[in-house]
K.L.:
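Dropping the structure in here first, questions after.
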Amino acid sequence: MEGIEYSSPKKSIEDGELPQHRFDLVVNGEKIGAAEIDYVSKPLPMYQVTDLYVDFEHKGKGYASQIMDQVENWIRERKKPGILVDAILEGDPAQGMYARRGWKEVPGGLGLHVYNWPDKIDLGILEGYGAR
Ligand SMILES: CC(C)(COP(=O)(O)OP(=O)(O)OC[C@H]1O[C@@H](n2cnc3c(N)ncnc32)[C@H](O)[C@@H]1OP(=O)(O)O)[C@@H](O)C(=O)NCCC(=O)NCCS
């Protein structure tokens, strides 16, 4: 396998991992990055992206952007919003990548960002949302 591969929660369980949707990035036969997604039902059905990473020695080659391209396509196809906490450290060259990619910051200063959010729903319903 080479590239980014999606696996379902069912497959994750079979692999002995948590039941999450997973995007694994494999280069030269080695897993060097990933993103994981949990389904969340409240306050509305959405997908929470957790643990985006690319191994340090492969930073800055566009791999995180490639993973997020797939994650965002997947979220749009499923016609539900995405949610994440922007935890990229201050000073990291990738800082601000979510905002540049169209993720909207939720007021409140917690770093919460949403994607594909329905216009008719007020972001206020996320008040007190406990990101895992
Ligand atoms: C943050 C992290 C995922 C970025 O991975 P990456 O593969 O280096 O990122 P990319 O090369 O795809 O770059 C992402 C963005 O940063 C920019 N960027 C990256 N390195 C850059 C550099 N040296 N100079 C300028 N811009 C740079 C890219 O241009 C891209 O910007 P864009 O969104 O406008 O296209 C990775 O460094 C990491 O795993 N960090 C530790 C864990 C972490 O912080 N995860 C995020 C939790 S929310």
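All ligand and atom numbering here is 1-based and tracks the order in the structure. Throughout, numbering of the chain's residues begins at 1 and tracks the sequence.
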K.L.:
Are any of the side-chain heavy atoms of Y129 and M46 separated by less than 4.5 Å?
P.N.:
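A side-chain contact exists here, since the closest heavy-atom pair is under 4.5 Å.
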K.L.:
For ligand 1, which is the ligand I care about here, please tell me if I88 has any N or O atom under 3.5 Å from one of the ligand's N or O atoms.
P.N.:
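In this structure, I88 places no N or O atom under 3.5 Å from an N or O of ligand 1.
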K.L.:
Using 0.5 Å steps for rounding, measure from the NZ atom of K104 to the CD1 atom of I83.
P.N.:
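The distance works out to 12.0 Å.
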K.L.:
At the 4.0 Å heavy-atom cut-off, does Y98 count as touching ligand 1?
P.N.:
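Right, Y98 reaches ligand 1.
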K.L.:
Working to the nearest 0.5 Å, report the span between CD1 of I67 and CG of L25.
P.N.:
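Rounded to the nearest 0.5 Å, the CD1-CG separation comes to 4.5 Å.
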K.L.:
Return the residue, atom name and 0.1 Å-rounded distance of the protein heavy atom closest to atom 43 (C) of ligand 1.
P.N.:
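Looking only at protein heavy atoms, the one closest to atom 43 (C) of ligand 1 is L52 O, 3.8 Å.
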K.L.:
Taking distance alone, with no angle check, do K59 and ligand 1 share an N/O pair under 3.5 Å?
P.N.:
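Yes, at least one N or O pair falls under 3.5 Å.
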K.L.:
Taking 4.0 angstrom as the limit and counting only heavy atoms of K61, give me the atoms of ligand 1 inside it, by number and element.
P.N.:
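That gives atoms 11 (O) of ligand 1.
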K.L.:
Short N/O distance, under 3.5 Å, between L89 and ligand 1?
P.N.:
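Between L89 and ligand 1 (N or O atoms, distance only) the closest approach is not under 3.5 Å.
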K.L.:
Counting only heavy atoms on the protein side, is anything nearer than 4.0 Å to atom 28 (C) of ligand 1?
P.N.:
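Under the 4.0 Å cut-off, atom 28 (C) of ligand 1 has no protein heavy-atom neighbours at all.
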K.L.:
Can you confirm, on distance only, whether ligand 1 has an N/O atom lying under 3.5 Å from any N/O atom belonging to D86?
P.N.:
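Checking ligand 1 against D86, no N or O pair falls under 3.5 Å apart.
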K.L.:
Any side-chain donor-acceptor pair under 3.5 Å between D38 and Q48?
P.N.:
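Side chains of D38 and Q48: no pair found under 3.5 Å.
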K.L.:
For atom 35 (O) of ligand 1, which candidate among S65, A94, A64 provides the closest heavy atom?
P.N.:
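Shortest heavy-atom distance from atom 35 (O) of ligand 1: S65.
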K.L.:
Only heavy atoms of V54, strictly under 4.0 Å: list the atoms of ligand 1 that pass.
P.N.:
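Once the distances to V54 are compared, the set is 5 (O), 7 (O), 38 (C), 39 (O).
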K.L.:
Judged by non-hydrogen atoms, does V85 sit under 4.0 Å from ligand 1?
P.N.:
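For ligand 1, residue contact (heavy atoms, under 4.0 Å) with V85 is present.
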K.L.:
Is the closest side-chain heavy-atom distance between L123 and P107 below 4.5 Å?
P.N.:
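Touching, per the 4.5 Å side-chain cut-off.
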K.L.:
Less than 4.0 Å from atom 46 (C) of ligand 1, is there any heavy atom belonging to the protein?
P.N.:
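Neighbour list for atom 46 (C) of ligand 1 includes protein heavy atoms (cut-off 4.0 Å).
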K.L.:
Hey, does G62 come in under 3.5 Å of ligand 1, counting only N/O atoms on both sides?
P.N.:
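Such a contact does occur with ligand 1.
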K.L.:
Salt bridge check, R101 against D69: does any charged N sit closer than 4.0 Å to a carboxylate O?
P.N.:
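Looking at R101 together with D69, the answer is yes, because their closest N to O distance falls below 4.0 Å.
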K.L.:
Among protein heavy atoms, which lies nearest atom 8 (O) of ligand 1, and at what distance?
P.N.:
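Sorting protein heavy atoms by distance from atom 8 (O) of ligand 1 puts G60 N, 2.7 Å first.
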K.L.:
Which value, rounded to the nearest 0.5 Å, describes the distance between R78 atom CZ and I37 atom CD1?
P.N.:
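If we round to the nearest 0.5 Å, R78:CZ and I37:CD1 are 8.5 Å apart.
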K.L.:
Are the side chain of N28 and the backbone N or O of E30 linked by a donor-acceptor pair below 3.5 Å?
P.N.:
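No, N28 side chain to E30 backbone: no donor-acceptor pair under 3.5 Å.
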K.L.:
Answer with yes or no whether the side chains of R76 and Y115 bring together a donor and an acceptor at under 3.5 Å.
P.N.:
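Y115 vs R76: donor-acceptor pair found between side chains.
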K.L.:
Whether the Y6 and R22 side chains hold a donor-acceptor pair (N or O, under 3.5 Å, no angle test) is what I'd like checked.
P.N.:
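Checked: Y6/R22 side chains show no N/O donor-acceptor pair below 3.5 Å.
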K.L.:
Out of P93, A99, G96, whose heavy atom sits nearest atom 19 (C) of ligand 1?
P.N.:
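Of the listed residues, P93 has the closest heavy atom.
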K.L.:
Report the relative orientation of the aromatic rings in Y98 and H113; use parallel for angles under 30°, tilted for 30 to 60°, perpendicular for over 60°.
P.N.:
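If you compare the ring of Y98 with that of H113, the planes turn out tilted.
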K.L.:
Under 4.0 Å from any heavy atom of Y53, which atoms of ligand 1 are there?
P.N.:
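Heavy-atom distances to Y53 below 4.0 Å select 39 (O).
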K.L.:
If you measure from atom 32 (P) of ligand 1 to every heavy atom of M97, M68, R100, which option wins on shortest distance?
P.N.:
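Ranked by closest heavy atom to atom 32 (P) of ligand 1, first place is R100.
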